[in-house]
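Since the structure is predicted, the reported quantities are computational estimates derived from the model, not experimental observations. Chain A is the first sequence line, chain B the second, and so forth, proteins listed ahead of strands; every chain is numbered from 1.
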Amino acid sequence: MTKADQKATTRAFARQLTPSQQKAVFHVDGPLLVIAGPGSGKTRVITYRIAALIDSGVRPHNICAITFTNKAAEEMRQRAAALGASAGAHISTFHSLCVRILRQYASHADISSNFSIYDAADQSRCIKEAIKLCDLDTTNFAPVRMLEAISTLKNKLLDVDTFAQQTDDYFSKTLAKIYARYQHILKENNALDFDDLLMNAALLLENCADVCSRLSSRFKFLLIDEYQDTNHAQYRIVKALASQHNNICATGDPDQSIYRWRGADIRNILAFEHDWPDATIVKLEENFRSTPNILAVADNLIARNENRKQKRLIATRHTGRDVTVNAFENENQEANGVAQKIGELLKADTAHSDVAVFYRVNAQSRALEESLIKSKIPYQIVRGVEFYSRKEIRDMLAYLKVLANPSDEIALLRIINTPTRGIGKTTIDRVRDYAARNNIGCFVALKRAPQISSLSNAPKSRIAAFLKMMEGLTKHSSGKVTPLAEEVFVESGLEGVLKAQGAEGKNAIENINELISATVQYDEQAEEPSLIDYLQQISLFSDADAYDPACGRVALMTLHTAKGLEFDNVFIVGVEEGLLPHERSADNGDETEEERRLFFVGITRAKNNLNISCARYRTIRGQFLRTIPSQFLFELGLDFSEAAFQSAILNNQSSVINNQLSPRFRRGDLVAHKKFGPGTVKEFTDMGENSIVVVEFNSGQTTSLRVKYARLSKM
DNA sequence: CATAGCCGCCTTTTT
DNA sequence: GGCGGCTATG
């Protein structure tokens, strides 16, 4: 694309923007905060700002854009490329950026660049080991709780030494010990957990002036999407990276903050003006996505949050169907109802990719799957990490991890006897014991097996065979990953064992073949393919990354995963007390507000058609329980009272109660009528489904209408 | 040393 | 309801 073409493209884009969006994209120098509601095009603002910056002569190399998921980064790269913004801008997630920084400046951060990234399962093993080594038991010090506590510390950038200095009570002193042990284990394995990536990068930037000045002078323009969900460590990274040029552009929506539980700090966005005093603030309140009915429901709901800055949702679209709320007998009926409705949509020529079902917890997907299978509706469960947690995939990756990072004992212990090769617990214990006494790693100890006196000849020769096999694999371990992966599958013996299992191993083989296809893609797409880079990249793979809009299937995902996406037709299921809001958030006002925001995010994903449902009975953890409709259902401003809804559910013996609901109106509401056009509500008489509304239309005519028939939409 | 079977544990959301 | 870890047995 020539320079002139680029300018033309940018101008064409500018014409589609509202004046405030134009200002946000083109006219601001210095810090900029874009507070933008759902469907207002805030991600687009960032994309076009990148294009506009490059257009005005900024080198792509000097731009750094940070997104929330890899998928979002990938999309932004493609869109920027389509606008003529040539490659070279750094566009990635916080975690990927940190991996890059840590690998480049590994020596400054006192780590080696081939570090493994530990996921929840690896972390769990390490923390259990740490608690054991501290002579504590896991009943009083639950591993998960300890990991949570350590995660919180890391997000606050409190490293082991800093935290140890500020402990006073028994619990925090003990936590400090476990924390130290845990970090020691990670260090021995040459591994970092997710929080380490952020903490180490932040501390590196803050403590190493040289690195900080190099990176902050490179990134003349910093753009961050979903700023409301950044945590404190990410905030400090941003502060450091922006320190030279102060050209930070953040976009976000406090009403869509749904990761507080993970350390996201809403104060980051609320205090932006304080952090960057000369910041320009642009508010985008127009919504280009959803129908007025959907927005009215979303607006009514989110208005219930007390801890919130007032913001409007202004519809730019004028027509739309009603929002429906359905109550079903149980979760299976609910799933059938959803499948049936989806079937009707598909019959009416809706594309599969225009339909999505959202739920609060992953376990809810099972009932939906069964119904969709029965109805022969193809679906995809958007759960990227699931693939990588399968046993056979973890086995394959463990081989690769050991080859990339021989210090990774979690991976080594996983594969040393998988498939079984006669190196059992006793042998492993003896090797580990030897390693501990000689202060060396497990892998090194294996190499010295002939000298380990406690081992007899048989295990020694088995260990030698294992080492020889690994040695053979090292030959393929540089450059492209695919040849190595193929070799690992065969040489490790995994292929042989799975093939011998016949039908049972078939699925596992298919999965491994899928893994190998993925490495082919990696080899093609990576600038410089390497095993270390590949492993680090897939460690940061997220659920949302697995979403493939082009696969021609209905999408099923959690409300959290739905963030940032949009669909014509949205189903939100299980809107019941205990599920949404989740029981773990009960008795906590702040957490209930977060659940409300989560529901708000789900609702505002819908472009045209929103179907909300709940079930009277639900099986939870194997128990068949009576449910209570979610309080949120009565906050949508829809035309039913709690009492009426409850009695409708109670009295109706049939399996489905279908409430086709129309909105309530208030005096002063702006509405649109199909025939009479826009107008203002003068009066509203609430009589359930017989409600009457008096509207003064802009034509001057005032009319009394039955809400049921008038099909008025809120503007 | 391998395997099967049983018991007890956890169980929200995720980079 | 599902998984990991432990134990008993071959």
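Nucleotide dT14(B) holds its P atom 18 Å from the CG atom of D122(A), rounded to whole Å. Atom CD of E226(A) and atom C1' of dT15(B) are 13 Å apart (whole Å). Atom-to-atom, OH of Y359(A) to P of dT14(B) comes out at 9 Å; the value is rounded to the nearest Å. Between the P atom of dT15(B) and the CZ atom of F68(A) lies a distance of 7 Å, rounded to the nearest Å. Regarding Q256(A), its CD atom lies at a distance of 21 Å from the P atom of dT13(B), rounded to whole Å.
Side-chain contact, D265(A) with N231(A): no donor N or O sits under 3.5 Å from an acceptor N or O.
Ring-to-base geometry places H582(A) in a stacked arrangement with dT12(B) (centre distance under 5.5 Å, plane angle under 30°).
For T561(A), a side-chain nitrogen or oxygen approaches OP1 or OP2 of dT14(B) to under 4.0 Å.
Closest to the side chain of R462(A), out of dC1(B), dT14(B), dA2(B), is dC1(B). Of the listed nucleotides (dT14(B), dC1(B), dT15(B)), dT14(B) has the atom at the smallest distance from the side chain of W261(A). Ranking dT14(B), dT15(B), dT12(B) by closeness to the F194(A) side chain, first place goes to dT15(B).
Separation of the P atoms belonging to dT13(B) and dG4(C) is 16 Å when rounded to the nearest angstrom.
Map E594(A) and R430(A) each onto its nearest nucleotide of DNA chain B; the residue landing nearer the 5' end is R430(A).
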